[in-house]
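The block underneath contains the structure these notes are about, expressed in structure tokens.
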Amino acid sequence: MAADSESKLQLVQRHIRAFPDFPQQGILFRDICPILKDPAALTAVIDLFEDHVRKNHQQLDLIVGLDARGFLFGPLLAQRLGLGFVLVRKKGKLPGTTVSVAYDLEYGKAEVEIQEDAVAPGQKVLLIDDLLATGGTLHAACELMEKLQAQIAGCLVVIELQELKGADKLKPHRVFSLLRY
């Protein structure tokens, strides 16, 4: 099993492209688009997340995906686990009554929101996104979950940029990263 997981991780890693100086000078952008283009690589990502969740999170109610790339992995994982999936979106993108949180980005400010009735008090949730950099977006999503009185089981990301220490910002919530750079 460990060898199988390692080969899946290697497959995923081979499908991540690095683009220097994007979106601005000094940033090394990690592109997950090749993972989405390759069915085997995408399956490997979901297999690895599923294995982690089944081993570490026995009782969950929902997977919460962050705009926009959490929407790519989250529904697939939720379906595999037999769970519901809910969206955390950029401000102004959801209909109905919403709850929002403002936060700082590396190069500006942003705001995320969720529909007020998307998560019920006490529901156990796992948040998912493609990348953890400084932790601003995931931290804001955790704040949204706390506003809705959800129980946060942890966070899942495909890639963690360790030098930016985003996982520190998310404590006490645990972060599971497939790949760390």
Side-chain angles (χ1 to χ4, degrees), residues 1-2 4-5 8-9 11-12 15-16 32-33 35-91 93-101 103 112-132 135-160 166-167 169-180:
M1 183 65 171
D4 185 46
S5 291
K8 288 177 183 180
L9 274 173
L11 175 62
V12 172
H15 284 80
I16 294 172
I32 55 106
C33 290
I35 292 171
L36 303 172
K37 188 175 164 182
D38 184 277
L42 180 56
T43 298
V45 168
I46 303 306
D47 287 349
L48 291 163
F49 279 148
E50 180 185 12
D51 184 52
H52 170 78
V53 172
R54 291 197 186 278
K55 287 179 183 171
N56 296 283
H57 302 285
Q58 280 64 48
Q59 293 187 332
L60 291 172
D61 297 302
L62 296 168
I63 301 293
V64 177
L66 278 63
D67 196 342
R69 292 183 182 103
F71 300 172
L72 303 172
F73 302 106
L76 297 172
L77 179 61
Q79 183 180 39
R80 288 251 194 114
L81 297 169
L83 300 173
F85 176 78
V86 298
L87 311 170
V88 169
R89 301 257 2 232
K90 294 176 180 105
K91 181 82 173 159
K93 301 290 185 180
L94 290 171
T97 306
T98 61
V99 176
S100 65
V101 169
Y103 66 101
V112 291
E113 65 185 357
I114 189 168
Q115 290 174 320
E116 186 179 56
D117 61 354
V119 178
Q123 283 192 301
K124 201 164 189 180
V125 301
L126 196 58
L127 291 89
I128 189 167
D129 204 0
D130 68 323
L131 179 86
L132 174 59
T137 308
L138 261 174
H139 185 265
C142 287
E143 285 185 35
L144 281 176
M145 295 303 104
E146 290 164 1
K147 278 187 171 187
L148 295 175
Q149 300 173 23
Q151 294 179 32
I152 301 167
C155 302
L156 305 172
V157 294
V158 178
I159 300 168
E160 179 182 347
K169 188 171 193 168
L170 296 169
K171 289 179 180 176
H173 308 300
R174 291 182 301 165
V175 176
F176 174 73
S177 310
L178 292 183
L179 298 167
R180 292 180 178 93

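Below, each value reflects all heavy atoms present in this structure, side chains not excepted, and no hydrogens, waters or symmetry copies. All values derive from a computational prediction rather than experimental measurement.
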Query raised in the report: Would you call the rings of Phe71 and Phe85 parallel, tilted or perpendicular if under 30° counts as parallel and over 60° as perpendicular?
Result: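 Geometry flag for Phe85 against Phe71: perpendicular rings.
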If you take all heavy atoms of [X] and [Y], which pair is closest and at what distance?
| X | Y | answer |
| --- | --- | --- |
| Asp129 | Arg69 | OD1-C, 4.1 Å |
| Ile128 | Gly74 | CG2-CA, 3.7 Å |
| Glu160 | Ser177 | OE1-OG, 2.6 Å |
| Cys142 | Ile152 | O-CD1, 3.5 Å |
| Ala141 | Val112 | N-CG2, 4.5 Å |
| Ser5 | Asp51 | OG-OD2, 4.3 Å |

My understanding is that only one of [options] makes a side-chain contact (heavy atoms from CB on, under 4.5 Å) with [X]; could you say which?
| X | options | result |
| --- | --- | --- |
| Ile35 | Leu72, Asp130, Val45 | Val45 |
| Ile114 | Thr98, Leu87, Leu148 | Leu148 |
| Leu132 | Thr137, Leu170, Ile159 | Leu170 |

Query raised in the report: Distance-only, no hydrogens or angles: does the Lys147 side chain make a donor-acceptor pair with backbone N or O of Ser100 under 3.5 Å?
Result: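 Yes.
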**Report entry** Glu50 side-chain N/O to Leu77 backbone N/O, donor-acceptor pair under 3.5 Å
**Finding:**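 No; zero donor-acceptor contacts below 3.5 Å.
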Atom pair [atom1] ([X]) and [atom2] ([Y]), whose distance is rounded to the nearest 0.5 Å:
| X | Y | atom1 | atom2 | answer |
| --- | --- | --- | --- | --- |
| Lys124 | Asp61 | NZ | CG | 9.0 Å |
| Leu83 | Gln59 | CG | CD | 11.5 Å |
| Gln123 | Leu62 | CD | CG | 4.5 Å |
| His139 | His173 | NE2 | NE2 | 7.5 Å |
| Leu127 | Leu66 | CG | CG | 6.0 Å |

If we only count heavy atoms from C-beta on, is the [X] to [Y] side-chain gap below 4.5 Å?
| X | Y | value |
| --- | --- | --- |
| Leu9 | Leu48 | yes |
| Leu144 | Val64 | no |
| His57 | His52 | yes |
| Leu76 | Leu42 | yes |
| Thr43 | Lys8 | no |
| Leu36 | Phe73 | yes |

Requested in this report: Mind running side chain to side chain contact (heavy atoms under 4.5 Å, CB included) on Val157 and Leu138 for me, showing each step along the way?
Outcome: CA-CA 10 Å; Val157 294; Leu138 261 174; 3.8 Å; yes
Query raised in the report: By side-chain hydrogen bond (donor to acceptor under 3.5 Å, both in side chains), which residues pair with Arg174, not counting sequence neighbours?
Result: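 Partners of Arg174 by the side-chain hydrogen bond (donor to acceptor under 3.5 Å, both in side chains) criterion come out as none, since no residue qualifies.
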Query raised in the report: Does NZ in Lys91 sit with more than 12 non-hydrogen atoms of other residues, nucleotides or ligands closer than 6.0 Å?
Result: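 Enclosed: over 12 neighbouring heavy atoms sit under 6.0 Å from NZ of Lys91.
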